[in-house]
Structure formats: C-alpha cells, structure tokens
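Order of the sequence lines fixes the chain letters, A, B, ..., with proteins taken first and strands second; residue numbering starts at 1 for each chain. In this text the structure is predicted, and so the values were computed from the model without any measurement.
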There are 2 protein chains.
Amino acid sequence: MSSKVTIHEVARMSGVSIKTVSRVLNREANVKSDTRIRVQEAVAALNYRPNISARSLAGSKAYLIGVFFDNPSPAYVTDVQLGAIARCREEGYHLIVEPLDSEGDVASQVQPMLATLRMDGVILTPPVCDNVAVLDVLEAEGVPYVRLSPDRDVDRSANVRMDDSRAAYEMTAHLIGLGHTDIGFIKGHPDHGAAHLRYEGYVKAMTEHGHPVRDDRVEQGWFSFRSGFEAAERLLSGDDRPTAIFASNDDMALGVMAVANRLRLEVPQTLSVAGFDDTPGAKVVWPQLTTVRQPIQAMAAAAADLLLNGEASGDAETPPSRLLDFQLVVRESTGPAPKG
Amino acid sequence: MSSKVTIHEVARMSGVSIKTVSRVLNREANVKSDTRIRVQEAVAALNYRPNISARSLAGSKAYLIGVFFDNPSPAYVTDVQLGAIARCREEGYHLIVEPLDSEGDVASQVQPMLATLRMDGVILTPPVCDNVAVLDVLEAEGVPYVRLSPDRDVDRSANVRMDDSRAAYEMTAHLIGLGHTDIGFIKGHPDHGAAHLRYEGYVKAMTEHGHPVRDDRVEQGWFSFRSGFEAAERLLSGDDRPTAIFASNDDMALGVMAVANRLRLEVPQTLSVAGFDDTPGAKVVWPQLTTVRQPIQAMAAAAADLLLNGEASGDAETPPSRLLDFQLVVRESTGPAPKG
DNA sequence: TAAGGCCATGACAGCCTTGTCAAAGCGACC
DNA sequence: GGTCGCTTTGACAAGGCTGTCATGGCCTTA
C-alpha cells in the first residue's frame, strides 16, 4: 500500500488545516463535530497513521514505554510484557524491551538509552527494580518509572505489589485445613524481601492455629531447584518427617517432589507439597503442583496504567502504590494429612 | 543531569559544524582524524546522545527492530529477545516487542503499527512467521523481515533455521549407540513442519542402522504434555514395550516420564526417554531430560544480523537463509538398553 | 602556471508533527 | 448596531537531526 501518507494529505482531502487534523487525532476539544467526522473519514480513506518520530520530536511524548529486566524467569518476563502492552495499546503506546546485565555497570547501560529514546516511562521488574543506581539514573533523566514487587525502599517511588505474606498465610491455612499440623517450610533467597514475607505468613498461620513452628522443620533455600532438593533431603530423611512441605517457590517445590519421588513417598497421600509462583513447571510435573499465582499480567498492566495516567511522575508527595490480589491455585499435590 | 544536550552544543564545543558532528556520530568517511577526536571528546564531555526521534525523522533509519510473536513458550520468546538485542545493541538499535493475537485479525493489528513506527526490520517467530497475511502486510509496507524456523513457503523470504531432521537423526543414533534397537517415537503436531522433519530424521537413522520402524512404535502427538502422556500410555501398556522413547518435543517427553513414573518403570534403567527443544522443564524433572537444544539466541542474533546488514531487504533474487547448528544435550534420562 | 580532482567541511533545506498565538466565526446581550 | 466572550480554525515556528549541494584547500598532472 501507501508507502507514506502524511497529515498534509489528510488535511487537503478533508479541506481543513494540518493543525485541525492534529487536533482530531489527539482527541482535543473544540473541534466541530462535523469537521471531526470529515477528518476521520479522510484518515480512514487514506489509511493514515501519524509518524511516531515526528510526533515525539514535535511534542512532549515519545509514545514509548520501556521494560527493563534482568530476570531469570522467562515466564515472568513475558507475562510482564503482555500485561504492559495490553494497557499501552489502548493509548497507542509501544513497548521497548531492554534486558539489562546486572553483572556489568547497569547505570551506564541505562543512561544512554534513556537519553536517546526519551521514553515516557519505564517498568522495572525484580531484581532491577531494587538497583539503586538504575533508580538514580532514571530520576536524574526525569523519566517516570514504576517498580514491580520492589524489596527495598518501597516508599521511594511508584510501585505495584502483591501481598506475599497474606498469600503464604492462606496457603499454610489451606494445608492446616486439610488436617496437617506438622508442616515443613523452605525459605527463599534471603536477599529477596518476598522470601521474608512468605516466611512471615507461614509463621503467622501456624501460630494463629496453635501449631508450633519447629526449628528442624524450617530449612534455608535459595529459590533454586537444587536448593529445594537438598532442603527436602534434610526434611524427609528419617522417619520423623512432616506431612506437608510448603516451599516458598515452585522451583524448590519441584525439588521436593523429586526427593519424594526418589524416597517413594506418595504425593499427596503421604506428603503434601505446595509451591509459590505458579511457574509453567508447576503444571508439568505429576501430580500437578498446588501453588500461589501472582497476577503478573495484571500487575504489569497496573504499572503501565500508573505511567500513562501520570500518577507515576514523581510529583506527588507520597508515591502511588497498588496492591493486587493473589490467587491460590489448588491442584493435586496437596491432600488430606495421612491418618495416624 | 543534563536534561537534553543537543548536537548543536557538541558542535560549538568542538568548534565544527553540526554536520561534521553528525558525520562523526555516523562513522562516515572523510573526516580528518583530529577533527573526529575533538568531536568525540566533546561528545564524551557533554555526555551527548543523539535523539532517536529526530534522527529517524530526518534520516531513513528508525533504529528500531520489531519482534512479533504469538508464542506459547515464554522461554523461547525471551531467548529470541536476548539474542536479537545482543546484535542490535552493537549498532545502537532498539527492540520493539509486539505480541500478536492470532485469534484476531492479525494483519489489521500489524499495519497501523508498521505505519506509525516505520521500523527498520521485523523478526517473526513461529507461528506468526507462517501467517501469510502478516507477511503480505510487511511486504506491502516495505518493511524487511526475517522468519525464524518457518514451516511454509520457506523460500519466500529471509529466514533462519535449524536442521531438525539431522538433529532427530543424531538423537536416534545416540539411542542406537546405547544399544537400543526398539525405539518408540511420538510425533508432533502435524501442522508444524518441524514435526515432519523430526520424524524423518528418526526414520532415517533407524533405517540406516538396520532397525525396523514398527507402526505400533510410532504414535501421533500434538506437542502437549497431555498428548505425550497419552501416547506413552499406549506405548508402554503391556509387556511388549520399547526400551526407549524419543518424543519430538520436551513437553511430550515429560508426559512420557510421568507415565513411566506411574508404571514404576525406572528411567533410564528400564526405559530411556529423549526429548527435543531443551525447555526449562527438561532440567526440572528427575532424572533430567536428554534433549536437543536449538540455538535460539544465536538464531535470533543471526536474524537481527540479516536485518542490520541489509541482506533481508528483499532485493536479492534468492532470499538469504542461515542454517544453524543444534546441540545434543545428553543428560540422565537416556542410558544403555536393558540386557535381554 | 593552470586545470582538474579529491578531501574536508559547512550552509541550508527538509523530515512530519505539535505548540503558540492570533484571527475569524458566532451568538447573545445592551 | 456594536460589543463582549466564547468556540473553532489556521499560520507559522520549532523540535534535533540528516541529505544535498556548494565551497575552499590542497595535491596532482600537463
């Protein structure tokens, strides 16, 4: 088709000035409705689309939102992208993805990019969202940003989070509801704030229901399959073992399942296993894993929303924060506690 | 810092014209080397970065490469992004990601996007890379594109592929090398060209090594966990069963492992299992899966390369194509054939 | 020495849109 | 009829950069 239709041609075709076409395109007020319609018809007829470069050069918006990540979980990353784009498309914005290499000097990777692209906003996923150098650069360049599930300095800037503590509480309560009283727990990487929150939720649920939190039932893990595997070996060796294990993420829970498998402990008849995150792996194992789903797409959409509606611009005294609901996904890896 | 440094200031600081600064930035010839150095120093001192909008408005490049996908596999998608960005960064290009919804009218989603952004090129992943409507729009808009692992009309345009047939051949040969002669095969989704190629490689290896391809050892699958599970149930029920199963992707192989697990068939002592793709799930099961790794990042980088060096521009009579090497990943799910 | 050619550089227009500001249109009211 | 105040519209500059073309210096060649 048309290699390049400009606003000029639309103006000529509809018999108004370029500026009026611009007004219609930008949904500005004070355009007579029949003028508006005439222009819209011309736009449709010529199949005209405004040139984003010219637009951002002339105006103040770039129509670009950045997504910065350095995340080992592809599923998380794509969910963020899908959620963000869903909201962005409504307003004609596009997504620029920038994988960061946190091994290197992240700030120096970010500054040039911000200076060239002049994006309207940036969404930061963990762990980049806790990289102070990156935040500093963003603020220096005056680019609004929203952090997803930040760990540190939560009040520093706009963010979107999930209630990890309450989710862990409810998962624990779910197990207790199934009759378990002796529930093992595998902690996550101590550098991640979420790890602490999840542990907190577990402790709270156990305590409130009158079950002791035994030291030898809590193992340190690192969010990896291997660490879950090793923690499970410690928890499950010998005859005195818990009837359920709640791992603070799915990868570790899968490690637990592997050990159970090896030891011929039937899941969930002999041992219930619960995870956290609802990664793709959770559906691939057998039996499928009971876990907690973060509404990642919704969180990303909320982040995009904060950016697009201007709330994240950093002028408010209290940065906006949105807390989204999680979802307990009960599948086959948890069941009633064995009798006796 | 500097809210916006323009090329003008660099020109003043280094005592040359704006145009000369532009020449230095674009690595053009015919600039005296001490002039070049002076300019570069000024650029560094002012921390100047060219404004991408102004650049693309004035020039012919947009410095943007698009990645279109509608891919159920997040791992694949992020690998593509990582590979593409690695090559793009070398030349100051950025990545725009556009998830497509192939349920809807894809072409009409794509055209406006191409018209507004005027990207310099687009990378298409399966299955979008086989959507003729999308290809038509790209060509109509004159946007160069590269397809990753296309199935149909392979010669229509630039593409990057892997030798699926040979990979399947080598995996089968690997099993034969371990002493297996009775090897089951689970085919992939018949709409995917790769499914046929993989089957072809299996047949070729069996035949060349003098082993029969028994009809009751080949099952139709659909690339899903469930279809692998069901195919394995058919292959493994009864006493007359193969000593190895080669599933044409990992998800199905995981289904096989689940069945083996249920039937108490030890992997790999009693049954060897091989997959294809090296998805994250392959490392999460126990024992870890022997599989074939596609060099996805390298393929995406090759695609970006074709775009950036102009080979994909569609002017050559034969569209360029790159065939990359796969990698056999031997882990614990395959072992010597049981004796007797 | 004059003519021709190449290299290095700069002046200026143009890319397509938005922002500013002024002007024109319109209705109502005194 | 004239004035005021509002809505609607347009002329023009500006945004930061690259493309085109012209200029001047210097080297080569006859």
Side-chain angles (χ1 to χ4, degrees), chain A residues 2-40 42-43 46-64 92-93 112 114-120, chain B residues 2-40 42-43 46-64 91-93 112 114-118 120:
Chain A
S2 41
S3 176
K4 36 173 163 176
V5 184
T6 71
I7 197 173
H8 201 94
E9 306 172 39
V10 178
R12 252 206 351 219
M13 180 163 181
S14 46
V16 298
S17 75
I18 289 180
K19 179 62 205 183
T20 299
V21 176
S22 171
R23 273 190 268 258
V24 172
L25 293 172
N26 293 293
R27 296 199 188 81
E28 287 175 29
N30 297 339
V31 178
K32 248 198 309 193
S33 81
D34 66 328
T35 310
R36 182 184 304 276
I37 289 170
R38 217 155 9 107
V39 170
Q40 284 166 337
V43 167
L46 296 170
N47 203 13
Y48 163 77
R49 310 288 163 193
N51 177 316
I52 206 171
S53 301
R55 232 166 143 151
S56 57
L57 183 59
S60 50
K61 310 184 228 169
Y63 295 93
L64 293 177
Y93 280 68
L114 293 177
T116 28
L117 287 171
R118 304 198 182 283
M119 310 181 248
D120 304 300
Chain B
S2 42
S3 176
K4 36 174 162 176
V5 185
T6 72
I7 198 174
H8 202 94
E9 305 171 39
V10 178
R12 253 203 353 219
M13 180 164 181
S14 45
V16 298
S17 74
I18 288 181
K19 179 64 206 183
T20 299
V21 177
S22 170
R23 273 191 268 259
V24 172
L25 293 173
N26 293 292
R27 295 198 188 82
E28 289 176 28
N30 300 337
V31 178
K32 250 199 305 194
S33 81
D34 66 327
T35 310
R36 184 183 302 278
I37 290 168
R38 216 152 14 101
V39 170
Q40 284 165 338
V43 167
L46 295 170
N47 201 14
Y48 164 77
R49 309 290 162 193
N51 177 315
I52 206 172
S53 300
R55 234 156 122 134
S56 55
L57 183 58
S60 51
K61 310 183 231 171
Y63 295 92
L64 292 178
E91 320 229 351
Y93 281 67
L114 293 177
T116 28
L117 288 171
R118 304 195 184 284
D120 304 298

Have a look at [X] and say if it touches a base, only the backbone sugar-phosphate, or nothing, with a 4.0 Å heavy-atom cut-off.
| X | value |
| --- | --- |
| Ser53(A) | nothing |
| Ile18(A) | base |
| Ile7(B) | sugar-phosphate |

What nucleotide among [options] has an atom nearest to a side-chain atom of [X]?
| X | options | answer |
| --- | --- | --- |
| Thr35(A) | dG16(D), dT9(C), dT9(D) | dT9(D) |
| Pro50(A) | dT18(D), dA11(D), dT17(C) | dT17(C) |
| Lys19(A) | dG10(C), dT8(D), dG10(D) | dG10(D) |
| Asn51(B) | dG16(D), dG10(D), dT18(C) | dG16(D) |
| Ser17(B) | dT9(D), dC16(C), dG10(C) | dG10(C) |
| Asn26(B) | dT9(D), dT18(D), dT9(C) | dT18(D) |
| Ser22(B) | dG19(C), dT17(C), dT18(D) | dT18(D) |
| Thr20(B) | dG10(C), dA8(C), dT17(C) | dG10(C) |
| Val31(B) | dT18(C), dT18(D), dT9(C) | dT9(C) |

What is the distance from [atom1] of [X] to [atom2] of [N], rounded to the nearest Å?
| X | N | atom1 | atom2 | value |
| --- | --- | --- | --- | --- |
| Tyr63(A) | dT17(C) | OH | P | 11 Å |
| Arg12(B) | dT9(C) | CZ | P | 20 Å |
| Arg55(B) | dT17(C) | CZ | P | 21 Å |
| Arg23(A) | dG10(D) | CZ | P | 8 Å |
| His8(B) | dG16(D) | NE2 | P | 11 Å |
| Leu25(A) | dG19(C) | CG | C1' | 15 Å |
| Lys61(B) | dG16(D) | NZ | P | 21 Å |
| Asn30(A) | dC21(C) | CG | C1' | 15 Å |

Residue pair [X] / [Y], side-chain heavy-atom distance below 4.5 Å:
| X | Y | value |
| --- | --- | --- |
| Thr116(B) | Asn51(A) | no |
| Thr6(B) | Glu9(B) | yes |
| Tyr63(B) | Glu91(B) | no |

For Val10(B), does its backbone N or O pair with a side-chain atom of Ser14(B) as donor and acceptor, under 3.5 Å?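 Here the side-chain-to-backbone pair exists.
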Would you say that more than 12 heavy atoms from the other residues, nucleotides or ligands in this model lie under 6.0 Å from the CZ of Arg38(B), or not?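 Result for CZ/Arg38(B): enclosed.
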For Arg36(A), I'd like to know if atom CZ has over 12 heavy atoms of other residues, nucleotides or ligands within 6.0 Å.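 Enclosed.
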For Val21(B) and Leu57(B), find the nucleotide of DNA chain D closest to each by heavy atoms; which residue's nucleotide sits nearer the 5' end?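 So the residue in question is Leu57(B).
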Taking 4.0 Å as the cut-off, does a side-chain nitrogen or oxygen of Ser56(A) come that near to OP1 or OP2 on dG15(D)?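 Indeed not, no polar side-chain atom of Ser56(A) lies that close.
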Between Arg36(B) and Ala58(B), which residue's closest nucleotide on DNA chain C lies nearer the 5′ terminus?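 Its nucleotide being nearer the 5' end, the pick is Arg36(B).
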